[in-house]
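Here the structure is a predicted model, which is why all the values come from computation and not from measurement.
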Amino acid sequence: MVHQTMATSTTSASSASSKISPMKLTLLRLVMTALIVGTLAACSTAPAPSPSRPPAIAPAPVPGAVFVPGDNGPLPSAMAQPKSRWIPVRWAELPGFANDALHEAWNAWIKSCERPAPQFTLLCGEVRQLSIATPEEQRAWMVARLQPYRVESPEGNPEGLLTAYYEPMIDAARQPGNGFTVPVYRLPAGHGARKPWYTRQQIDTLPEAQAALQGRAIAWLRDPVESMVLHIQGSGRLRVTEPDGSVTLVRVAYAGTNDQPYQSVGRWLLDQGATRDATWPGIRAWLAQNPQRTNELLWANPRYVFFREEALDGMEAGFGPKGAQGVALTPGRSIAVDRQSIPYGTPVWLASAGPQVQLSRLVLAQDTGSAILGAVRADYFTGWGQEAGDIAGRLKQGLRLWVLWPR
């Protein structure tokens, strides 16, 4: 996959906490205070520590840092991951920690607790209880129970790259015709018997590939470029016109690929010298001027994605598709990461400033993607629809990350 403040449908922390009885609220605040000043046992085995050494690149001053009460104990050792190293820091290093609307992230955290990493299993009961706490209580709990680590490359570079992804909303038809000619396929028959499977160009042109996909279409789209966007994002929402004329809203979720390598069509255009703007708006502008080269562009990426259909109603409509962790993504609070740098289910503090968005917030590492590689690398889930797509299509800017690990 290639993956502002997102508008999410959540109840405010203040109104939620008003449902607690005075006695329970007092007790909860006392527990928070005790957690801050108490000595807390480690809840699980942490990754193996590595010898601490000064970073090769000194981190830049962090704007918006403030003193955090209760954060005055000794710092632990640095920790090593296969593709990154984690440097322990004070909470004051995290930009915007005192200001983030944490309750917006709590739904994403509770989702992660449906399939928690072993190190977070014991904390998940407390996370669920704190869903009705005030932001101050949530912040105090985090300081008491979690240790922030700055994520760096093995060479000590804390700077990385942020991009974004989303769920496109696309009109579709259950049957081909009337301009709907581009299929969205389920996994083909005998998919596992041939690896890699046919390339994108072969799927579009070879009779034997098309025979294997006979009867496997979920729905049909109008635009091959919309199909490519759907493949790159990995999931989407379809407004499907049924044979009787009714319209059904469904999700098509990632089911597998043809096991061919992913190639960026934007990179292909840059290498051709065809454009200087490799964002999706730039790609669409180039195609509008060169419609006869559409297949040439699409076939530059041999990878092809197959989907499965999922119902989209009730609470499911308020969340994104399931990420690689196996839990539903939350707009503005879920990220895709390189799992060899940050394990799935880890709460992460994300800071990124650029022309598209200004972000300093709590997010959860819940997904991955073929292009999401490296120590300080994240794909930010923006949600679904046109506005989310506009952000995701252009977002490419600097990034810093801090993992929040159990003490």
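Taking CD from Q356 and CG from L395, the interatomic distance works out to 6.5 Å, rounded to the nearest 0.5 Å. With rounding to the nearest 0.5 Å, the separation of OG in S235 from CG in L329 is 7.5 Å. The distance from atom CD1 of I87 to atom CD of E152, rounded to the nearest 0.5 Å, is 4.5 Å. Rounded to the nearest 0.5 angstrom, T181 OG1 and R222 CZ are separated by 10.0 Å. To the nearest 0.5 Å, atoms OH (Y304) and CH2 (W299) are separated by 12.5 Å. Between the OG atom of S84 and the CE atom of M79 there is a distance of 9.5 Å, given to the nearest 0.5 Å.
Side chain to side chain, T275 and D277 fail the donor-acceptor criterion of an N or O pair below 3.5 Å. If you check the side chains of Q260 and T199, you find no donor sitting under 3.5 Å from an acceptor. Between the side chains of T163 and R377, a donor-acceptor pair is found at a separation under 3.5 Å.
Looking only at distances, no side-chain donor or acceptor of N301 sits under 3.5 Å from a matching main-chain atom of S264. Put simply, the side chain of R85 never gets that close to the backbone of E155: no donor and acceptor are under 3.5 Å apart. Using modelled atom types, no side-chain atom of D259 and backbone atom of K195 make a donor-acceptor pair closer than 3.5 Å. Between the side chain of R128 and the main chain of C113, a donor-acceptor pair closer than 3.5 Å is present. The backbone N or O of D204 sits less than 3.5 Å from a side-chain atom of Q210, completing a donor-acceptor pair. Checking side-chain atoms of T346 against main-chain N and O of P343 turns up a donor-acceptor pair under 3.5 Å. Judged by distance alone, with hydrogens and angles left aside, the side-chain atoms of S352 form no donor-acceptor pair with the main-chain N or O of L399 at under 3.5 Å. Checking side-chain atoms of W106 against main-chain N and O of V127 turns up a donor-acceptor pair under 3.5 Å. A distance-only check finds no donor-acceptor pair linking the side chain of Q147 to the backbone of L75 [under 3.5 Å]. Under a 3.5 Å cut-off, the side chain of W349 and the backbone N or O of P95 do form a donor-acceptor pair.
Around CD of Q292, the count of heavy atoms belonging to other residues, nucleotides or ligands within 6.0 Å exceeds 12. More than 12 heavy atoms of other shown residues, nucleotides or ligands fall within 6.0 angstrom of atom CZ in R284.
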>> Run the side-chain contact (heavy atoms from CB on, under 4.5 Å) test on V225 and W280 for me, step by step, so that the C-alpha distance in whole Å, both residues' side-chain angles and the decisive distance to 0.1 Å come before the verdict.
In response: CA-CA 10 Å; V225 179; W280 273 110; 4.0 Å; yes
> Checking side-chain contact (heavy atoms from CB on, under 4.5 Å) for the pair M142/L362: CA distance, chi angles, key distance, verdict?
Replying inline: CA-CA 11 Å; M142 290 173 66; L362 176 64; 4.2 Å; yes
> For I335 and I342, what are the C-alpha separation, side-chain angles and deciding distance, and is it a side-chain contact (heavy atoms from CB on, under 4.5 Å)?
Replying inline: CA-CA 11 Å; I335 59 172; I342 301 174; 5.7 Å; no
> Where do E167 and R251 land on the salt bridge (Lys or Arg N to Asp or Glu O under 4.0 Å) test, with the steps shown first?
Replying inline: CA-CA 9 Å; E167 270 195 304; R251 169 176 285 135; 2.7 Å; yes
> Between Y198 and N258, is a side-chain contact (heavy atoms from CB on, under 4.5 Å) present by the stated rule, with each step listed?
Replying inline: CA-CA 6 Å; Y198 299 102; N258 58 351; 6.0 Å; no
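Salt bridge annotation for R237-E316: absent, with no cationic side-chain nitrogen under 4.0 angstrom from a carboxylate oxygen. Ion pairing of E93 with R90 is absent here, as no side-chain N (NZ or NE/NH1/NH2) approaches a carboxylate O to less than 4.0 Å.
No side-chain heavy atom of R115 sits less than 4.5 Å from a side-chain heavy atom of Y344. The shortest distance between side-chain heavy atoms of L213 and P183 does not fall below 4.5 Å. In this structure the side chain of R139 reaches within 4.5 angstrom of the side chain of L102, judged on heavy atoms. Counting only heavy atoms from C-beta outward, the side chains of F97 and V143 approach each other to under 4.5 Å. In this structure, the side chains of D223 and I170 stay at 4.5 Å or more apart for every pair of heavy atoms. A 4.5 Å side-chain heavy-atom check between V357 and Y380 finds every atom pair outside the cut-off. A heavy-atom distance below 4.5 Å is not found between the side chains of T241 and N178. W402 is listed as a side-chain neighbour of R400, based on a closest heavy-atom distance under 4.5 Å.
Ring geometry for W197 against H191 counts as tilted: the plane angle lies between 30° and 60°, on a 0 to 90° scale.
The heavy-atom pair separating V182 from S227 by the smallest distance is CG1-CB, 3.6 Å. Counting all heavy atoms, side chain and backbone alike, R239 lies closest to M169 at NH1-CE, 3.1 Å. Considering every non-hydrogen atom in both I283 and A278, the closest pair reads CD1-O, 3.7 Å. Closest approach of P347 and W109 over heavy atoms only: CG-CZ2, 3.7 Å. A pairwise comparison of heavy atoms in K83 and A375 identifies O-CB, 3.3 Å as the closest pair. The two residues Q201 and T205 make their nearest non-hydrogen contact at O-OG1, 2.7 Å.
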